[in-house]
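These figures come from a predicted structure and were not determined experimentally.
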Protein chains: 2
Amino acid sequence: MKKNISTQTAVLDDQDAASFTERFRRGDLFSDQCPSRDVLKHITSRWGVLILVALQGQTLRFSDLRRKIKGVSEKMLAQTLQALESDGFVKRISYPVVPPHVDYSLSALGEEAAQQVAGIANWIEDKMPEITQARQAVAAEREQEAAARAEN
Amino acid sequence: MKKNISTQTAVLDDQDAASFTERFRRGDLFSDQCPSRDVLKHITSRWGVLILVALQGQTLRFSDLRRKIKGVSEKMLAQTLQALESDGFVKRISYPVVPPHVDYSLSALGEEAAQQVAGIANWIEDKMPEITQARQAVAAEREQEAAARAEN
DNA sequence: CAACATAAATTACTTTTAGTAAGTACATGC
DNA sequence: GCATGTACTTACTAAAAGTAATTTATGTTG
């Protein structure tokens, strides 16, 4: 933490400190250091989104998830599941058998989060043709500009 | 691409190749290599979410965004804006004046995307107290388990 | 007239994160 | 006694993000 030099800044910092807890109790994603940023990070992480959508309304084993979410490594799957578990979105139930058997499912909070990210996921899948078209249009524009710059 | 050894796998690969375009025309986020994965990456990237929400319904300059989104570096802001522009979500208008003036706003497609991510953003901010509680509960559980393991 | 400020980047460099491949534990079937 | 299946973990490498200084062109200040 920064040391205060003048009395005035000290007072200002104290006001900040007083509102700090209150400001972060309800999340504020535009604020640096707000814990909600970590939650956003976990939920919207590359594999977090897909895990949440995959587990919506169903229980799956580790290997099921690995098969369903094409391209995820065991390391990242385990890591992301642990992050989501820490946030209370994912429930992990381990049966002490050999070979191991571990079930993953969503908590009530996790199902809510999953609905939100499913919104994005479905929107992207739906609009993918439009997006592809838009990407090509932007790329074409850029080429034209590049050609115009080359003439000078 | 893998070389086919038997005729049978060749046929299977041809089927895959035939359906490849069709399978990816509409996005499939669970498929590896589907272009929709890149779009998801851009939209749900650490700063992508915040940029989309910040630009919802309004035009902002580069420096406005930098001020609004606390903690973003100039490099990452520029980089993420470029990615979102490539996907056709963000419109960039540069006025050739000194000092430079560049306006950023959302396209129709971008506004739709922003609505989706705003859903997550608002949900997190709303539920942050609950999430904080859940996290503490999970942390407490883990400590208990750790203590139980230590007894053995 | 030289120094400085300004907005929007970009570049070089460091640190953090993600990806890859191999290893671990233990019972069961061949 | 060696391969198999499951859910991880670990060591290493590649990629991405963070940090700080530099760029560009011009108008204002001293």
| task | Anything under 30° is parallel, anything over 60° is perpendicular, the rest tilted; go ahead and classify Phe89(B) against Trp123(A). | result | tilted
Figure out the [atom1]/[atom2] separation between [X] and [N], and round it to whole Å.
X: Met76(B); N: dA16(D); atom1: CE; atom2: C1'; result: 8 Å
X: Leu77(A); N: dT10(D); atom1: CG; atom2: C1'; result: 17 Å
X: Asp103(A); N: dA7(D); atom1: CG; atom2: C1'; result: 12 Å

| For DNA chain D, what residues of residues 78-102 of chain B have any heavy atom nearer than 4.0 Å? |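 Nucleic-acid contacts, sorted: Gln79(B), Val98(B).
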| query | Using a heavy-atom distance cut-off of less than 4.0 Å, which residues of residues 53-75 of chain B contact DNA chain D? | reply | Ser73(B), Lys75(B)
Does [X] have a side-chain nitrogen or oxygen under 4.0 Å from the phosphate oxygens OP1 or OP2 of [N]?
X: Arg46(A); N: dA16(D); answer: no
X: Tyr104(B); N: dA7(C); answer: no
X: Trp47(A); N: dG19(C); answer: yes

Under a 4.0 Å N-O cut-off, is there an ion pair linking [X] with [Y]?
X: Asp103(A); Y: Lys91(A); answer: no
X: Asp126(B); Y: Arg26(A); answer: yes
X: Arg142(A); Y: Glu85(B); answer: yes

| message | Given Val39(A), which partner from the list Ile124(B), Thr132(B), Ile120(B) fulfils the side chain to side chain contact (heavy atoms under 4.5 Å, CB included) test? | response | Ile124(B)
| request: Could you go through the side chain to side chain contact (heavy atoms under 4.5 Å, CB included) check for Leu50(A) and Lys70(A) one step at a time? | output: CA-CA 10 Å; Leu50(A) 300 176; Lys70(A) 307 267 164 55; over 6 Å; no
| Within a reach of under 6.0 Å around CD of Glu143(B), are more than 12 heavy atoms found that belong to other residues, nucleotides or ligands? |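 Open.
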| task | Please say which of Arg67(B), Arg61(B), Lys68(B) ends up in a salt bridge (charged side-chain N to carboxylate O under 4.0 Å, His left out) with Asp64(B). | result | Arg67(B)
